[in-house]
Protein chains: 2
Amino acid sequence: MEEKLKRVTLLDTSNIENLKNMLGKALNDGRTLLIVGACSADYIGRARSELTIGDRILIIKSDRSVLLHRPRSYKPVNWQPSGSIVNISSKEGRLVIKCIRERPRETLIVKFSEIYTAAILNLEDEGVFSLYASEEDMRKAILKNPDIVEEGLKPVSFERPVTSGFIDIEAIDKNGNIVVIEIKRRTADIDTALQLARYVKDLEKIKGVGKVRGIVVAPRATTEFKRLARSLGIEFKPLSPKRCLEILYGTEEKREITLDEFIS
Amino acid sequence: MEEKLKRVTLLDTSNIENLKNMLGKALNDGRTLLIVGACSADYIGRARSELTIGDRILIIKSDRSVLLHRPRSYKPVNWQPSGSIVNISSKEGRLVIKCIRERPRETLIVKFSEIYTAAILNLEDEGVFSLYASEEDMRKAILKNPDIVEEGLKPVSFERPVTSGFIDIEAIDKNGNIVVIEIKRRTADIDTALQLARYVKDLEKIKGVGKVRGIVVAPRATTEFKRLARSLGIEFKPLSPKRCLEILYGTEEKREITLDEFIS
DNA sequence: GCCTAGGTCCCGTAA
DNA sequence: TTACGGGGCCTAGGC
């Protein structure tokens with residue numbers, strides 16, 4: 001009977017040459033690497049950065065995304081998105097990791113002066129990730145039940161491309177006016193108003209109609225939005241992502257109780 | 001002589017109760033936690049997400065930022081920014097980590113069904129991080145040498161607040177016209193043009209002047225930007241962040257050679 | 001390849 | 001606190 005591959009293999013960090021070889025081979029085998037140690041880092045590409053020595057966590061994932069994490073803050077201090085070329089070498093007894101990205105050409109070099117822990121991770125993750133209450137969910141909810149925006153509204157199209165972008169939803173109101181709906185899952189701000197104003201203008205040009213209505217649908221709006229919207233003749237309809245979920249999947253009562261129990 | 005604290009302490013993962021206590025104590029002591037194992041995760045807050053079981057890396061930093069990483073992709077699949085409340089408990093022999101954030105109220109719960117490795121990290125990172133070629137660097141370079149934008153330009157102010165935001169640089173051209181400069185370190189797009197148009201309008205209102213010039217300074221611009229800029233009467237001046245660095249810190253030749261050697 | 005737009009964006013800063 | 005804009009933003013999707 002075949003033994004299950006070890007999920008975590010801790011490496012001997014005393015021999016850098018050996019370590020380098022082990023890490024390089026593991027990377028080629030599609031493993032994820034984890035190194036904790038003291039390092040410095042230099043990045044050059046769209047910008048340039050320098051990071052002097054300190055203790056950090058380096059993760060090199062199986063898709064060649066690279067993350068260098070300090071002990072604080074959500075964001076990695078240096079990184080490379082997936083698909084970069086990773087080269088692991090040693091220089092003067094120190095582990096050097098070079099991560100190169102093409103288009104845009106960017107290079108990240110991490111030099112370890114000391115390694116506390118190095119591990120090869122053989123992670124199996126076929127888990128399903130589901131995200132609800134995105135802008136797309138809001139769009140679906142409005143298409144399913146347009147009355148939540150305005151009574152008598154009839155959607156005509158969605159994601160319609162116009163000169164300056166994409167119209168979330170195009171509709172006809174009960175009086176026969178053309179309506180452009182812009183959806184935001186977060187607070188509507190100045191940019192939202194300007195974006196919608198563009199679409200309205202584009203559609204007026206295409207349709208050759210005097211007036212196209214513009215409605216922003218969002219949970220809330222900033223004061224500046226409201227001011228600008230008024231001067232641009234844009235309307236605002238408050239609608240929360242949560243409410244949209246209820247419309248899409250029915251009342252959320254049952255699920256919430258379950259989650260409350262789960263949390264408690 | 002006092003012995004140096006261990007940087008990495010690997011924990012016994014066989015006893016969940018004990019593990020829970022160790023991790024909780026370490027977190028209170030300002031340590032960073034690292035857990036590799038099979039888990040599921042549920043998030044509820046601005047949106048909602050579910051993640052079914054799989055192997056992942058969980059990092060809880062000393063500032064209480066939380067990162068759950070799958071073996072692929074740059075971004076964590078679930079997370080919590082710094083300052084969240086972290087609670088480590090056990091339920092039915094499984095490690096459960098609950099991360100709550102106030103404002104906005106958000107909850108992330110990670111349940112481990114198996115733990116491959118758990119470690120307490122005592123990381124010391126006083127390293128200095130320097131980032132060059134930001135938009136701010138471009139502004140400094142233009143203020144230092146306005147001729148790179150246009151010969152004879154005289155800056156008057158920077159980050160001047162107007163109704164709809166902040167003007168990067170306000171200047172007077174050689175013919176006495178007022179000029180508003182909007183700087184982008186990346187490709188100028190439609191939003192850039194609209195943003196500058198707003199500032200130009202604001203300043204025209206404030207000054208009571210017929211015409212204020214608007215110039216976008218960026219490494220490049222999209223086709224749509226150019227079209228829109230033309231119709232809005234906005235000008236474009238190509239300027240790269242790299243060139244700005246040269247102006248600020250002298251020619252970069254020496255540094256580049258050094259870096260090339262460093263890379264090779 | 002370019003370009004637009006979303007994101008649980010995060011984060012800093014100023015009113 | 002709210003609001004605005006930057007970011008090495010990253011990433012997906014259309015053309």
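Throughout, protein chains are lettered first and strands after them, A, B, ... in sequence-line order, and every chain is numbered starting at 1.
- Contact annotation: Arg186(B) side-chain N/O to dT4(C) OP1/OP2 distance is not under 4.0 Å.
- A sub-4.0 Å separation between OP1 or OP2 of dG8(D) and a side-chain N or O of Arg101(A) is absent.
- The shortest heavy-atom contact between Arg56(A) and Gly127(B) is NH2-CA, 3.6 Å.
- Remark: the Gln80(A) side chain and the dG8(D) base include a donor-acceptor N/O pair separated by less than 3.5 Å.
- Side-chain atoms of Lys61(A) never come within 3.5 Å of backbone atoms of Val66(A) as a donor-acceptor pair (strictly under, hydrogens ignored).
- Across all strands shown, Ser134(B) has heavy atoms under 4.0 Å from sugar-phosphate atoms exclusively, and none from any base.
- Among the heavy atoms of the strands, none lies under 4.0 Å from Ser49(A).
- Of the N and O atoms on the side chains of Asp63(A) and Ser73(B), not one donor lies less than 3.5 Å from an acceptor on the other residue.
- A distance cut-off of 5.5 Å between ring centres, combined with a plane angle under 30°, leaves Tyr74(B) outside any stacking arrangement with the base of dC10(D).
- Below the 3.5 angstrom threshold, one finds a donor paired with an acceptor across the side chain of Asn78(B) and the base of dT8(C).
- Residue ring and nucleobase are not stacked for Phe166(B) and dG5(D) under a centre distance beneath 5.5 angstrom and an angle between planes beneath 30°.
- Annotation: Phe236(B) is in aromatic contact with Phe225(B) [ring centroid separation under 6.0 Å].
- Contact annotation: Arg139(B) side-chain N/O to dG5(D) OP1/OP2 distance is not under 4.0 Å.
- Residue Arg46(A) has a polar side-chain atom (N or O) positioned under 4.0 Å from OP1 or OP2 of dC9(D).
- One can place CG of Asp189(A) at 13 Å from C1' of dG6(C), the figure rounded to the nearest angstrom.
- Comment: Glu204(A) does not engage Lys207(A) in a salt bridge, judged by the lack of any side-chain N to carboxylate O separation of less than 4.0 angstrom.
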Under the 3.5 Å Watson-Crick or G-U criterion, the dot-bracket string of DNA chain D, with | for inter-strand pairs | |||||||.|||||||
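- Phosphate contact (OP1/OP2 of dC3(C), side-chain N/O of Thr223(B), threshold under 4.0 Å): present.
- Heavy atoms of Arg105(B) sit nowhere under 4.0 angstrom from any nucleic acid atom.
- For Glu135(A) and Arg185(A), the salt-bridge test fails: no basic side-chain N is under 4.0 Å from an acidic carboxylate O.
- Neither OP1 nor OP2 of dC9(C) sits under 4.0 Å from any side-chain N or O of Trp79(B).
- Rounded to whole Å, atom C1' of dG6(D) lies 12 Å from atom CD1 of Ile183(B).
- Across all strands, Gly165(A) comes closer than 4.0 Å only to sugar-phosphate atoms, never to a base (heavy-atom distances).
- Put simply, Thr187(B) has no side-chain N or O that comes within less than 4.0 Å of OP1 or OP2 on dC2(C).
- Between the Lys144(B) side chain and the Ile247(B) main chain, a donor and an acceptor come within less than 3.5 Å of each other.
- Across all strands, Glu135(B) comes closer than 4.0 Å only to sugar-phosphate atoms, never to a base (heavy-atom distances).
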